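Convention: sequence-line order gives letters A, B, ...; per-chain numbering from 1. Quantities reported herein were computed from a predicted structural model and do not represent experimental measurements.
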Number of protein chains: 2
Amino acid sequence: MKILLVEDETRLAEAVAASLSKTGIAVDHTALLGDAIELARQQTYDAIVLDRRLPDGDGITFIPWLRSAGVVTPVIVLTARNEPKERVAGLDLGADDYLGKPFLMEELFARLRAVLRRPSALAEPSIVAGRMTVDPIRMDVMVGELQLDLPRRELMVLVTLAKRKGRTVLRSALEAEIYNYEETIQSNALDAHVSRLRKRLADADAGVSIHNIRGVGYLLKEH
Amino acid sequence: MKILLVEDETRLAEAVAASLSKTGIAVDHTALLGDAIELARQQTYDAIVLDRRLPDGDGITFIPWLRSAGVVTPVIVLTARNEPKERVAGLDLGADDYLGKPFLMEELFARLRAVLRRPSALAEPSIVAGRMTVDPIRMDVMVGELQLDLPRRELMVLVTLAKRKGRTVLRSALEAEIYNYEETIQSNALDAHVSRLRKRLADADAGVSIHNIRGVGYLLKEH
DNA sequence: CGACGACCATTGCGACAGGATTACGGCATG
DNA sequence: CATGCCGTAATCCTGTCGCAATGGTCGTCG
């Protein structure tokens, strides 16, 4: 689960990124519309949170650009004030929701959850694999009746693999999903997480296993 | 447990809020219909207490708005006089109960309790965990045959965790449930409550424990 | 077919962030 | 005036993470 945050108020952006990453959502952040376009070309996000007032233009112009490129990723627009006029403009241009600043972090989360839950969103409601049920929206994992509590990064790995269960996930795709572009990875941290995750899944008797495809990536299998 | 109070008479609103919060119910209060709509979008309440006569319109117009948005939260309507005409209008529009001003605080509580007890209410009748029984409506906790009386905030924490026992409750969700949007939290007050609560639960041998999911939230487990 | 090299698995370590605990002072309540 | 609750902050403690070293596995090429 990864979202793109386009916001030039540093403090706010940091707060949002920090809070989201706590719940296991990776955040790419940029202050510039131009960079945002570049990032959106490079990878797909599960959602985009977009400020209107940006140094290099009105954020809202981003939306038609996205849509015309065939991108259906849900967009939540942030505006400085709760002006109905602005709101209508945003929704007309294809925003999925709208939020006036200042807002409660909890509110942003709620809307993100709402927007990610939509059928248009890429994420399925819930994924079953072995004795395990993964909810990619709430970011939790049940094994039988018990919740399996995992550290943040391991949770992200597992959810990403679960979303493509039975199919190989490229190593690079996993890394991209779990780390944002600021956090470069300089070692086999991913392998370490996979290893620890495997142990936890075995201990919990989750009925799945993580296979490695040499030189390519990883793969979640039920057994 | 959290309710939304929409009322423009300051004295009355304060009295209601004070009394409710004593019993462990958090209250968000606003005098304006517009704000109420905004708040109701932001979070879900267990009940809404709604005055009709508001500075920016008839409170009752709020109800169709809510219902059309799929919100089933029970609504209690307050009106200045006991006019049957008004009452019918309110109930027709989907209010769950109705109360003429002036009223006894005790009466409002009784109706709130009634309305919260209804199956439509989100809260289950009673939650058992370990040797502990939590009644989220009456806001009390029994351990064995003995009632465990907890300070207000600790009680709110426990009930919130109990309602989602076995599953992780986000830190931010806990804070939202326990504090209203005016009370900003500037420190680890929540942690402090959890800590004190843990001690009390251990002393009372409640047969449950509160786990922390680092960076995410808390989780109530039976043991 | 065997050996080498690339890739992966596992594990311990140190740094660090975040949580746990507790003492204190303010405040309300009775 | 005493008691108890709450928020704050200081301090201590613990889990998680990235890292790297070591050992294992697989494929490939001589």
Starting the side chain at C-beta, find the nucleotide from C:dT10, D:dC5, D:dC17 nearest to A:Arg153.
D:dC17
Which pair of non-hydrogen atoms, one from A:Leu66 and one from A:Ala40, has the smallest distance, and what is that distance?
CD2-CB, 4.2 Å
Any donor-acceptor pair under 3.5 Å joining the side chain of A:Asn212 to the base of C:dA9?
no
Would you tell me if any nitrogen or oxygen in the side chain of B:Tyr179 comes within less than 4.0 Å of OP1 or OP2 on D:dG7?
yes
Separation of atom NZ in A:Lys199 from atom C1' in D:dT16, rounded to whole Å:
16 Å
Quick one: does any side-chain atom of A:Gln147 pair with a main-chain N or O of B:Thr168 as donor and acceptor, under 3.5 Å?
yes
In a check of side-chain hydrogen bond (donor to acceptor under 3.5 Å, both in side chains) between A:Glu154 and each of A:Lys199, A:His193, A:Arg200, which one passes?
A:Arg200
Taking 4.0 Å as the cut-off, does a side-chain nitrogen or oxygen of B:His193 come that near to OP1 or OP2 on C:dA20?
no
Work out how much the helix from C:dC1-D:dG30 to C:dG30-D:dC1 bends between its end axes, five pairs an end, to the nearest 10 degrees.
30°
With the side chain defined as heavy atoms from C-beta on, B:Asp191 is closest, among C:dA9, C:dG19, D:dG7, to C:dG19
Between C:dT21, D:dC17, C:dC8, which nucleotide gets closest to the side-chain atoms of A:Tyr218?
C:dC8
Give the minimum heavy-atom separation between A:Val6 and A:Leu32, together with the two atoms involved.
CG1-O, 4.2 Å
Roughly, in whole Å, what's the span from CG in A:Leu174 to P in D:dG18?
13 Å
Determine: side-chain N/O of A:Arg196 to OP1/OP2 of D:dT16, distance under 4.0 Å, yes or no.
no
Name the pairs: protein N/O against N/O of nucleotides 27-29 of chain D, kept only if under 3.5 Å.
none

Spacing of B:Glu175 atom CD relative to D:dG7 atom P, expressed in whole Å
11 Å
Run the side chain to side chain contact (heavy atoms under 4.5 Å, CB included) test against B:Arg152 and tell me which residues pass, sequence neighbours left out.
B:Ser21, B:Met156
